[in-house]
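Report on the following structure.
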Number of protein chains: 2
Amino acid sequence: MPTDDDIFRALADPSRRRLLDRLHLADGQSLGDLCAGLAMTRQAVAKHLATLEAANLVVAVRQGREKHHFINRVPINEIAERWIGKFDQPRLSALSALKRNLEGEEND
Amino acid sequence: MPTDDDIFRALADPSRRRLLDRLHLADGQSLGDLCAGLAMTRQAVAKHLATLEAANLVVAVRQGREKHHFINRVPINEIAERWIGKFDQPRLSALSALKRNLEGEEND
DNA sequence: TAGATATGCAACCATAGGGTTGCATATCTC
DNA sequence: GAGATATGCAACCCTATGGTTGCATATCTA
């Protein structure tokens, strides 16, 4: 079971985000497909995909000699709900109270 | 203007996420406040806060000899909308089409 | 002003991690 | 079976970066 850390770290790298973008455009691409046009070795891409798999952001299915990769939206949604939603809810009461407090002190 | 990369990278570190959690519990804390109970030097915490500031996830206000830190929800919401929302929309048509395609080949 | 408190800055260290090269393995096709 | 294609594995390199120590600076208070 991947941790939050696995997911955040996997998302931290721009190359991996680009790979997810590519899979978003066309899901189920093979390693070779995903390498096309990237200034990177196949092995580098494979490593990135392994990281994404470890974070469960990508699910891979071996098909003969090819390996096809699919986006898994579940972890991203979990992160969005469990983590980003937390900061999203407008707890403006406490926030603005503190800010007002500070601003008051500043202007006095 | 912080880039997506700044934000994702800032969020990638568990210590920094814990700092954001702390600020979420009590916004406007000083460096010293945020250091309390952490197995880390004050300088390390200061570095993390600098990274969060660079990503505009935290806004700091100097107040006498203290520096108070506030969460900024804007970047997180932008990320959530621009990036996570993208994967959230159920583009199941293309996905399941490709999956069906693969499964079909597999079972044949 | 002197000392205490709160933070800033810089050099340094060690590890993690992105990337490469080289070779091994598995699958398809002729 | 032989060669071509697609991927896996391992060692290695180099930089980014999380963390430290040491000292400087600024602010508050007695």
Side-chain angles (χ1 to χ4, degrees), chain A residues 2-23 26 28-55 57-70 102 105-106 108, chain B residues 2-23 26 28-55 57-70 98 102 105-108:
Chain A
T3 66
D4 272 26
D5 208 48
D6 293 325
I7 301 172
F8 275 109
R9 293 247 291 264
L11 290 174
D13 187 85
S15 299
R16 285 193 286 272
R17 291 200 302 276
R18 199 158 354 128
L19 285 174
L20 284 180
D21 277 338
R22 286 195 158 206
L23 286 179
Q29 295 185 69
S30 71
L31 215 200
D33 294 338
L34 289 167
C35 287
L38 293 184
M40 226 187 311
T41 320
R42 173 181 58 79
Q43 283 85 341
V45 177
K47 273 198 193 177
H48 283 309
L49 289 172
T51 303
L52 290 170
E53 278 190 68
L57 287 163
V58 159
V59 177
V61 178
R62 187 107 201 212
Q63 185 115 23
R65 64 181 164 184
E66 297 183 341
K67 190 175 176 185
H68 294 267
H69 302 79
F70 297 88
L102 274 177
E105 290 177 20
E106 262 180 350
D108 280 356
Chain B
T3 66
D4 273 24
D5 208 48
D6 293 326
I7 300 172
F8 274 110
R9 292 246 293 265
L11 289 175
D13 186 83
S15 298
R16 285 193 285 270
R17 292 200 301 277
R18 200 160 350 130
L19 285 174
L20 284 180
D21 276 338
R22 286 195 157 204
L23 286 179
Q29 294 185 69
S30 71
L31 216 201
D33 294 338
L34 290 168
C35 286
L38 293 184
M40 226 187 311
T41 320
R42 172 181 58 80
Q43 283 86 341
V45 177
K47 272 198 192 177
H48 283 308
L49 288 172
T51 303
L52 291 170
E53 278 189 70
L57 287 163
V58 159
V59 177
V61 178
R62 188 108 201 213
Q63 185 116 27
R65 64 182 163 184
E66 297 182 342
K67 191 175 177 186
H68 294 266
H69 301 79
F70 298 88
L98 270 156
L102 273 178
E105 290 177 20
E106 261 180 350
N107 297 337
D108 280 357

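Chain letters run A, B, ... following the sequence lines, proteins first, then strands; residues in each count from 1.
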For [X] and [N], give me the distance from atom [atom1] to atom [atom2], rounded to whole Å.
X        : N       : atom1 : atom2 : result
Leu52(B) : dT17(D) : CG    : C1'   : 14 Å
Asp6(A)  : dG17(C) : CG    : C1'   : 14 Å
Phe8(A)  : dG18(D) : CZ    : P     : 15 Å
Leu49(B) : dA6(C)  : CG    : C1'   : 14 Å
Leu38(A) : dG19(C) : CG    : P     : 10 Å

- Under 4.0 Å: is that the gap between some side-chain N or O of His48(B) and OP1 or OP2 of dT17(D)? no
- Message: With a 4.0 Å limit, can you tell me whether Thr41(A) has a side-chain N or O closer than that to the phosphate oxygens OP1/OP2 of dG19(C)?
- Response: no
- Message: My understanding is that only residues two or more places apart in sequence, or in another chain, count here; which of them pass side chain to side chain donor-acceptor pair (under 3.5 Å) with Arg22(B)?
- Response: none
- Task: Could you list the residues that satisfy side chain to side chain donor-acceptor pair (under 3.5 Å) with Asp5(B), not counting sequence neighbours?
- Result: Arg17(A), Arg9(B)
- Query: How long is the gap from CG on Asp13(A) to CZ on Phe8(B), to the nearest 0.5 Å?
  - Reply: 11.5 Å
- Message: For the CG atom of Leu11(A) and the CD1 atom of Ile7(B), what is their distance to the nearest 0.5 Å?
- Response: 13.0 Å
Taking all non-hydrogen atoms of both residues into account, name the closest pair between [X] and [Y] and its distance.
X        : Y        : value
Arg65(A) : Arg62(A) : O-NH2, 3.7 Å
Leu20(B) : Leu57(B) : CD2-O, 4.2 Å
Ala12(B) : Ala12(A) : CB-CB, 3.4 Å
Ala55(A) : Pro2(A)  : O-CG, 3.7 Å

- Query: Of the nucleotides dT20(C), dG8(D), dT7(C), which one has an atom closest to the side chain of Lys67(A)?
  - Reply: dG8(D)
- Closest to the Ala44(B) side chain, choosing from dG19(D), dT7(D), dG8(C): dG19(D)
- Touch check for Thr51(A), heavy atoms < 4.0 angstrom, all strands: base, sugar-phosphate only, or nothing? nothing
- His69(B) side chain to Ala60(B) main-chain N or O, any donor-acceptor pair under 3.5 Å? no
- Query: Is there a donor-acceptor pair under 3.5 Å between the side chain of Asp33(A) and the backbone N or O of Ser30(A)?
  - Reply: yes
- Taking DNA chain C as the partner, which of residues 12-23 of chain B come within under 4.0 angstrom of it by heavy atom? none
- Message: I'd like to compare against my own output: the B/S/- annotation of nucleotides 22-30 of chain C with a strict under-4.0 Å heavy-atom distance to protein.
- Response: B----BS--
Dump the pairs, protein N or O against N or O of nucleotides 13-16 of chain C, anything under 3.5 Å, distances to one decimal.
none

- Query: What about Lys47(B): does its side chain form a donor-acceptor pair under 3.5 Å with the base of dG19(D)?
  - Reply: yes
Listed pairs under 3.5 Å, donor-acceptor, residues 34-53 of chain B side chains, sequence neighbours left out:
| from | atom 1 | to | atom 2 | distance (Å) |
| --- | --- | --- | --- | --- |
| His48(B) | ND1 | Arg16(B) | NH1 | 3.1 |
| Thr51(B) | OG1 | Lys47(B) | O | 3.1 |
| Glu53(B) | OE2 | Lys67(B) | NZ | 3.0 |

